[in-house]
Amino acid sequence: MKTLEKARCPDCDAELEVPEDAMQGEILTCPGCGLELEVKQVKGGSVELQELGIEGEDWGE
Amino acid sequence: MSIGILYERSETDEMGIKLTARELGINLAYIPFRKVAVCLDKNGYSFRSKGKTYSKVIEDVHVILNRGQSKNRRLFAANILEALGKYVINPPRVEFICYSKLRTILHFWKEGIKTPRTVYVPCDSHEPTMDGSEIHNEEEIADLIEQELGNRDIVIKPDAGTHGKKVKLAKAREDLLTILGETEPSIINPVGILAQKLVQKWFYDLRIIVAKECGKAPHCYPTALARAGFKDFRTNTFLGNMVFGVNLPPYIKEVAVKCGETIGRDSKAWLIAFDAMIDVGENKIADDEPIKAEFEKLESPFNAVKKIKRKGTKKRDFLNWNKKLEEAFQNYKNQEAYDNIKRIIEESVERNKHNILFHEANACPEFWEQTRLVAGINLAVPLLRCAQSVIDSDYGG
């Protein structure tokens, strides 16, 4: 699999392999901790990822 | 032996804990708790995500800060980690009690700590029958509640809810029936109806922090976070209320420590945030209108704070975002109106301190954005101290 420039998971700092054909809106999962990241933008060889918000059952206090 | 931190996904609190740990020279090991498999068998256990094994990380830590945001997940995490031989902050006992408003109140009540007048009816508003129809219990539940609390100003709240979610005020029976009709069993309210008589708390409530390090007596922080506003009977900051750092009278600190001892009991180290209201009733020290005018003066600087809090860059550019948040809060706190409202709250607290009612305990309090910047308590420090105290005690420091 060809990959784009490496990105890092904001939570566990694991390296994420982003497929070359990644598209905007695609969801990637960090192999280290399972965090879901959405591809926001693919430009040239780089990719912008953003953490996907999940509706939790009782977040916070 | 070191300290670990567990969460499903980091929020600014967890990033703040990691930042504080770095500043204190503590290396925190990260343990995810969502897309992982915890496997138990006759050979021991494994703790793995799809791409990484965390079993060794867990073996190497002695104390784990449990920062799961979901109460249910956090409770499982506490139980699992304790079974794996780890000391968890907070321990499962504390998590279990804090999970439920009713359990918390029962512990306070048993110790003679004043709480709001509370009624629990173990029956759900509507129940499906075997033939596929439904029994409606709203009228009977309303009768039971009104029998104890009267027919005006009754608050219905989900037992395990947060952020003021689904907390509703019934001013009269009609409202009560409507609220009961809308109340379904759910993950935040597994069974029955929890009702309380509305406390005449004027316009503020208090969040009070108590922590216990191993080998030391519990300590109540001298400043509390007052959440204040006239917009709603709920004062949760999540609903847009303003925040003030207020000094606590010694009497309230003593009661808060008793709350902590009641819930923490024999646990070596813990940290709990207590929510309390003061039944001010008619004993107000000022008219509402001039205070409302002071709140209006604070709208703009507080909106600036809220705008920064909402920024999507908070995780991507945490340090810069944090600096901006600190500046915005400083500007808010520098306002004369801030001092005026803070003074009124402190005076009211002092005058009515014996009417304080404790009603909720939080085992995983949010703190980075408000408690730290307004009440001056960076909870990451006591959390890490509590963890270190357990290591020192168990391994001779």
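If you measure heavy-atom distances from B:R316 to chain A, the contacts under 4.5 Å come from the side chain alone. With a 4.5 Å cut-off on non-hydrogen atoms, B:F33 does not touch chain A at all. The contact between B:Y54 and chain A is made entirely by side chain atoms (from C-beta outward), counting heavy-atom distances below 4.5 Å.
There is a side-chain donor-acceptor pair under 3.5 Å between B:R372 and B:N322. A donor-acceptor pair shorter than 3.5 Å cannot be found between the side chains of B:W368 and B:N378.
For B:K168, the salt bridge (Lys or Arg N to Asp or Glu O under 4.0 Å) test picks out B:E182, with sequence neighbours left out. Applying the salt bridge (Lys or Arg N to Asp or Glu O under 4.0 Å) criterion to B:D159, with sequence neighbours excluded, gives no partner residue.
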